[in-house]
Amino acid sequence: MENKLTLGSLFDGSGGFPLGGLMCGILPVWASEIEPFPIRVTTKRLPFMKHYGDINKISGANIEPVDIITFGSPCTDLSVAGKRAGLGGSNSSLFHQAIRIVKEMRRHTNDKYPRFIVFENVPGVFSSSKGQDFRIILEEICKIKDETVSVPMPENSKWLYAGNIVGNNFSLCWRVLDAKYFGVPQRRRRVYLVADFGSERASEILFESQSLPRNTSKSGSSRKRASKNAQGSSSKSSVPVINDQGGKYINISHGITSTLRAEEHGHQPLIFEPGATVRLGGHMWQDFSGTLRADMGDNQPAVVVEN
C-alpha cells in the first residue's frame with residue numbers, strides 16, 4: 001500500500017488546504033479553527049479530520065506528526081484594506097504561533113515532521129511595516145531549520161513578487177498567484193510560500209508544476225511554462241460586471257469580478273446576465289439583467305421586458 005503524504009491545517013477556515021491536499025492525493029489529518037460555521041462545514045465534508053480548536057492552546061509535540069503543515073495566518077493587520085498594524089497586530093501576530101507549533105513538532109520528532117510548510121497571505125504582506133514584516137516571515141521560517149540564518153532587506157526595500165532562499169539542505173520560495181488563472185471568475189491575488197526542510201528543491205514544487213486539473217486532456221504531462229500564464233482558465237464570456245469598490249471607484253470588467261472583500265457594505269460586484277433590458281443609474285443595457293440583492297433597497301435594477 002502506498003504511503004500518502006499527510007497534512008495538518010492551521011487557521012483552517014472551511015478546509016481549503018485540506019481539499020487541495022485531497023485533490024493531490026494527500027491525506028488531511030487534523031485542523032485548527034475557532035469559527036463555528038467553517039468548523040461545521042469541514043466536520044460534515046471531511047468527517048475523518050480531527051479538530052483542535054484554538055491555535056494558542058495547541059502544542060506541536062502533542063498532536064499527530066504530519067508531513068505538511070499549511071497556514072494562511074490572519075491577514076487583517078497586513079492587508080492594504082486594514083489599519084496596517086503588521087505582524088505586531090492582534091490577529092496577524094498569530095503567525096508566530098504557527099511557527100511555534102512547527103518547531104515543537106520537529107523537536108518532538110527529531111526534525112522529521114513536518115518536512116514541508118505552505119504559507120498563504122495577501123500581497124500587502126510585501127509592503128507591511130515598509131517590508132520588514134515579510135523579511136521577518138522569511139527569517140522565522142528559515143530559523144525553523146537553522147537558527148543562525150539572517151534575512152536582509154532587498155536593496156531597494158521592495159520585495160519581488162517571486163523569489164527563493166536556498167540554505168544547507170533546506171529551501172523556501174514564494175510567488176503571487178491570481179485565482180482568475182485557475183478557473184475562478186474573480187481577481188484574487190495571494191502570496192504562496194513553500195518551505196522544504198529536507199532539501200534545496202522547494203522551487204520545484206512552486207515553480208515547476210505539472211499539468212493542473214483544469215487541463216484534464218494533458219493530466220500528468222509536464223508543463224514548462226509558469227502556471228500564471230495558464231490559458232483558458234478564466235471565463236471568456238462577455239458578461240459585464242460593475243465593480244463598486246466601497247464607493248471609492250467603479251470599474252467594469254467582463255467575465256470576471258474584482259476581489260470580494262469581507263466588508264463590502266452593500267458594494268458587492270453587480271453581475272449582469274442575459275435576459276432583459278436594464279436601466280440602472282441612467283444607463284441602459286440591452287439583453288442583460290442585474291443580480292438582485294436583498295440589501296440594494298431603492299437601487300434595484302429596473303428591468304424592462306417588452307410585451
Indicate the ring-plane relationship of F71 and F11, choosing parallel, tilted or perpendicular according to the 30° and 60° boundaries. tilted
CD (E139) and CD1 (I144) are apart, to the nearest 0.5 Å, by 12.0 Å
Exam field: side chain W174 to backbone L206, donor-acceptor pair closer than 3.5 Å: no
Mind running side-chain contact (heavy atoms from CB on, under 4.5 Å) on V102 and I99 for me, showing each step along the way? CA-CA 5 Å; V102 172; I99 297 298; 5.6 Å; no
V151, V125: one ILVMFWY side-chain cluster at the under-4.5 Å cut-off? yes
Strictly distance-based, threshold 3.5 Å: is any side-chain N or O of S9 a donor or acceptor partner for the main-chain N or O of P18? no
Output the distance between atom CG (D54) and atom CG (L94), rounded to the nearest 0.5 Å. 8.0 Å
Distance col, row I58:CD1 vs I63:CD1, nearest 0.5 angstrom, shows 5.5 Å
Give the intermediate values and the outcome of side-chain contact (heavy atoms from CB on, under 4.5 Å) for residues K180 and R188. CA-CA 7 Å; K180 72 178 183 180; R188 189 177 186 86; over 6 Å; no
Can you check whether L7 reaches T70 side chain to side chain, under 4.5 Å on heavy atoms? yes
Between I101 and L10, is the side-chain contact (heavy atoms from CB on, under 4.5 Å) condition met? List the steps. CA-CA 10 Å; I101 289 172; L10 300 172; 4.1 Å; yes
Do Y52 and E64 have side-chain atoms, one donor and one acceptor, less than 3.5 Å apart? yes
Please confirm whether the backbone N or O of G53 pairs with a side-chain atom of S32, one donor and one acceptor, at under 3.5 Å? yes
Close side-chain approach of M105 to P114, heavy-atom, < 4.5 Å: yes
How many angstroms lie between atom OG1 of T148 and atom NZ of K143, to the nearest 0.5 angstrom? 9.0 Å
Short side-chain to backbone donor-acceptor contact, E120 and G72, under 3.5 Å: no
Quick one: does any side-chain atom of R175 pair with a main-chain N or O of L193 as donor and acceptor, under 3.5 Å? no
D12 side chain near M49 side chain, heavy-atom distance below 4.5 Å: yes
Using atom types as modelled and distance alone, determine if a side-chain donor or acceptor of E33 lies under 3.5 Å from a backbone N or O of I39. no
If only atom types and distance count, is the side chain of S157 paired as donor or acceptor with the main-chain N or O of M153 below 3.5 Å? no
For F48, I'd like to know if atom CZ has over 12 heavy atoms of other residues, nucleotides or ligands within 6.0 Å. yes
OH (Y113) and CG (D67) are apart, to the nearest 0.5 Å, by 5.5 Å
Within-4.5 Å side-chain heavy-atom neighbours: I165 and C142: yes
Distance-only, no hydrogens or angles: does the K145 side chain make a donor-acceptor pair with backbone N or O of F197 under 3.5 Å? yes
Side-chain touch Q97/N56, heavy atoms, less than 4.5 angstrom: yes
Test item: S59 side-chain N/O and A61 main-chain N/O as donor-acceptor pair under 3.5 Å: yes
Does K103 reach the side chain of H108, with side-chain heavy atoms less than 4.5 Å apart? no
Going through the checks in order, is the salt bridge (charged side-chain N to carboxylate O under 4.0 Å, His left out) test met by R115 and D196? CA-CA 6 Å; R115 161 77 182 269; D196 179 354; 2.5 Å; yes
Linking I/L/V/M/F/W/Y whenever their side-chain heavy atoms sit closer than 4.5 Å, directly or via other members, would V166 and Y192 fall into one cluster? no
Less than 3.5 Å apart, any donor N or O on the side chain of S203 or N164 sitting next to an acceptor on the other? no
Between I26 and L5, which heavy-atom pair has the shortest distance, and what is it? CG2-O, 3.3 Å
Connected via hydrophobic side-chain network under 4.5 Å: V118 and F182: yes
Please name the pair of heavy atoms, one in S171 and one in A202, separated by the smallest distance, quoted to 0.1 Å. OG-N, 3.0 Å
Minimum-distance pair of heavy atoms, taken over all atoms of G131 and W159: O-NE1, 2.9 Å
Do I69 and W30 touch side chain to side chain, with heavy atoms closer than 4.5 Å? yes
The reported gap from NE2 in H96 to CD1 in I137 (rounded to nearest 0.5 angstrom) is 8.0 Å
Would F126 and F134 count as a close aromatic pair, with their ring centres under 6.0 Å? yes
Please find the pair of heavy atoms, one from R189 and one from D178, that lie closest to each other, and give the distance. CG-OD2, 3.3 Å
Go through the steps to decide whether R45 and V41 satisfy the test side-chain contact (heavy atoms from CB on, under 4.5 Å), and finish with yes or no. CA-CA 6 Å; R45 301 300 184 186; V41 171; 4.3 Å; yes
Is it true that L172 and Y161 fall in one hydrophobic cluster, defined by side-chain heavy atoms closer than 4.5 Å? yes
So do the side chains of F95 and R100 get within less than 4.5 Å of each other, counting heavy atoms only? no
